[in-house]
Chemist: 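Handing you this structure, nothing more for now.
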There are 2 protein chains.
Amino acid sequence: MTARRRAKAPSQADVARLAGVSQSAVSRVISGNAATARIPEETRQRVFEAVRELGYVANPAARAMRNQRNDLLGVHTFERVFPRASEDFYFEFLLGIEERAEETGFDLVLFTSTGSGGGGERKIYRNGTNRLNLADGSILLGVSTDRGELARLWYEGYPFVHIGRREVPGAEIPQIVPDYRSASEQIVQRLAEHGHRRLGYVREWMEMEPYADRRVGYAETVVRLGLTDTSPGVLGRVGIEEPWLDEVARGAVTAIVVESVRLAESLREQLAARGRKIPDDVSVAVLEAAPADLSGQWDSLVIPRVEIGRMAVDRLQDMLADPEQRTGSLLVPCPLVLGTTVATVSE
Amino acid sequence: MTARRRAKAPSQADVARLAGVSQSAVSRVISGNAATARIPEETRQRVFEAVRELGYVANPAARAMRNQRNDLLGVHTFERVFPRASEDFYFEFLLGIEERAEETGFDLVLFTSTGSGGGGERKIYRNGTNRLNLADGSILLGVSTDRGELARLWYEGYPFVHIGRREVPGAEIPQIVPDYRSASEQIVQRLAEHGHRRLGYVREWMEMEPYADRRVGYAETVVRLGLTDTSPGVLGRVGIEEPWLDEVARGAVTAIVVESVRLAESLREQLAARGRKIPDDVSVAVLEAAPADLSGQWDSLVIPRVEIGRMAVDRLQDMLADPEQRTGSLLVPCPLVLGTTVATVSE
DNA sequence: TTGAAAGCGTTACCAC
DNA sequence: GTGGTAACGCTTTCAA
């Protein structure tokens, strides 16, 4: 047995010739609903026999061209999907996307070619052509700095969903968005319930929407509950400042809300250097998903990534089924994680 | 600004009409090598202007049909790519595949639709049609129980590479194979160098090729170096048997080679229950990649998964470039990991 | 019930 | 240099 030299894949025409029927008959037997034009059993058999003999398989490109669809869902990440760093941001989204794609009978295209080559940011449009077009619709995820691309994509009417919030002026991009704002509200509320009235806020350097949401949720709730916050972070200053830390050590605030685990860890260290402990002296809550580690579990929140991936697939398929559904986003609740870093205020 | 209702994507014909040139001119300007048929700068400009105005983007299906290629690499896994279990078998292969695909400008199709729906085994052929065809060529990975599918795929001349060894009678499937045989040889050799002469072998229940390779490598080297093995495992009996363990505890063997971490852990426990410690009383080496854990690092081997993924992409692209290269596999060395579970024989 | 033929959007060949 | 045109493989309409 030797492999056939991939000469020319047999076409329906070949099958038709062998079976002694017309090409359209072959098409109808193979993919057409045999119901529409009932083919006599005997003809069907002849066709199937020829198919088997020739090893015919449909040419997907031709099908796609004719049908104007693919059953292909695109996944575009603005950074590499599988980063080498173990801190694997996309993985869980992909988990959900794959699960749901499998369940609904779609294949997935990972747009990797669009890379600029050097591992930098990936672009959707490259020399005028848009690879995403290959798929019926796409799920976009990651940090896109170039909003113009998103706007253009949306304007052109290409069906896509964005995972994570991204505002683009003039375009109502359908998004699946973790509800950081409400999660932040709940966290502040919980701190208040534990008797905390003087809070602090530590922000990351990023200015992306997900952070904006957290900040709005925090700030609003502080005001609504009549709490106070005079920390540098709430004014827009990034990171942890020394003079403020000294004030914290002196008891200026009883609870701190931090945007990331990274900053929270750093905060813990610097407080320790001043002889202050979490949560005995200061309570701390983190506004992102935080794994439990050696020193306990941060009070934090859950980002239901798998579920978000699944929702994105469903949302996209709704769009494909009904082009009217071109806009409309989904807000996904982020449950709180009760950890060991928030205590009732002692005073 | 409101999104265009995805009416009909503009085609080259539309562009040609607007620019007042022929359709073939448009094609040449856009994708044809402008060198072949030098287009005057002024014509090019007109075309580009029309492209911009219409928001034209090439139709990939038509291109694929015409060019008989896609620049799409398929990835077919016989099980779900992203398993929910954290023990993520495919992940590192994918890492390498993605890296290399990006570097070489190919996109990736993940064939998820071929699932039987229930999370069971995925099939390549379903009701006569072969989804893999969508991609220029594919990388297959995982445990395929149905060798007939592989044989058919190969016979039909579809370009693919298999990650991991899989023998299919009559088909010379190109494979990227971790060299377990040679790794096993080296491990036995190393045990011999540490003075071990009476060895034992513990095997998994699986009968797949990768295990066969390990067993051959082990058995051959035991014979070649004049060592002895009278363990149940070397005779083909699966797992760890009680009576044999008792013999081990009595000193019947000084070193044991185990096919998996799972079995090695179990072995450690059962030896401990008999008051025997690794490596003080018995040395143990594992024939798979073993993470360091609390009780130290198993003497084991490295499976260079990322590298294997990258090699698979390259191998596949060689096949695409030159259809003569339809056969030919690559053996990838698995370096040894020197751990803490092999000691020099004390007697 | 079956077949002929048009058309999907692209590229490449061959005249002009 | 440029434009017509055939061809890629498929589905579907329209006749027979």
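Since the structure is predicted, the reported quantities are computational estimates derived from the model, not experimental observations. Letters go in sequence order (proteins before strands), and every chain restarts at 1.
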Chemist: Validate the cation-pi geometry between Arg152(B) and Tyr125(B): distance from NZ or CZ to the six-membered ring centre under 6.0 Å, angle to the ring axis within 45°.
Modeler: yes
Chemist: Rounded to whole Å, how long is the line connecting atom CD of Gln23(B) with atom C1' of dT10(C)?
Modeler: 7 Å
Chemist: In whole angstrom, give the distance that lies between atom CG of Leu134(B) and atom P of dC10(D).
Modeler: 14 Å
Chemist: Does Ser24(A) put a side-chain nitrogen or oxygen below 4.0 Å from OP1 or OP2 of dC10(D)?
Modeler: no
Chemist: Would you list the atom pairs, donor with acceptor, under 3.5 Å between side chains in residues 62-70 of chain B and any protein atom, with sequence neighbours excluded?
Modeler:
from     : atom 1 : to        : atom 2 : distance (Å)
Arg69(B) : NE     : Asp71(B)  : OD1    : 3.2
Arg69(B) : NH2    : Asp71(B)  : OD1    : 2.6
Asn70(B) : ND2    : Leu134(B) : O      : 2.5

Chemist: Go through the N and O atoms of the side chain of Arg28(B) and the base of dG1(D), and report whether any donor-acceptor pair is under 3.5 Å.
Modeler: no
Chemist: Just wondering, are more than 12 heavy atoms of other shown residues or ligands nearer than 6.0 Å to CD in Glu209(B)?
Modeler: yes
Chemist: Can you figure out which of dC10(D), dT10(C), dG3(C) approaches the side chain of Val21(A) most closely?
Modeler: dG3(C)
Chemist: Decide, yes or no, whether a salt bridge links Arg44(B) with Glu41(B) under the criterion of side-chain N to carboxylate O below 4.0 Å.
Modeler: yes
Chemist: Check Glu103(A) with Arg100(A), please: is the shortest side-chain N to carboxylate O separation under 4.0 Å?
Modeler: yes
Chemist: Nearest whole Å is fine: how far is dT2(C) P from Arg44(A) CZ?
Modeler: 12 Å
Chemist: When you check the phosphate oxygens OP1 and OP2 of dC8(D), does a side-chain N or O of Ser11(A) lie under 4.0 Å from one of them?
Modeler: no
Chemist: Just N and O in the side chain of Gln12(B): are any of them under 4.0 Å from OP1 or OP2 of dT11(C)?
Modeler: yes
Chemist: Of the candidate nucleotides dT10(C), dT11(C), dC10(D), which contains the atom at the shortest distance from the side chain of Ser27(B)?
Modeler: dT11(C)
Chemist: Rounded to the Å, how far apart are Met65(B) CE and dT11(D) P?
Modeler: 11 Å
Chemist: Can you tell me how far P of dG3(C) sits from CZ of Arg17(A), to the nearest Å?
Modeler: 14 Å
Chemist: Report the distance from atom CG of Asn67(A) to atom P of dG9(D), rounded to the nearest whole Å.
Modeler: 16 Å
Chemist: Tell whether Ser22(B) reaches the base of dG4(D) with its side chain through a donor-acceptor pair below 3.5 angstrom.
Modeler: no
Chemist: Relative to the 5' end of DNA chain D, which residue comes earlier, Ala25(B) or Arg63(A), by the nucleotide with the nearest heavy atom?
Modeler: Ala25(B)
Chemist: To the nearest Å, give me how far apart CZ (Arg66(A)) and C1' (dC8(C)) are.
Modeler: 7 Å
Chemist: Quick one: Asn70(B) CG to dT10(C) C1', roughly how many Å, whole number?
Modeler: 13 Å
Chemist: Which listed nucleotide (dG9(C), dG3(C), dC8(D)) is nearest to the side chain of Gln68(B)?
Modeler: dC8(D)
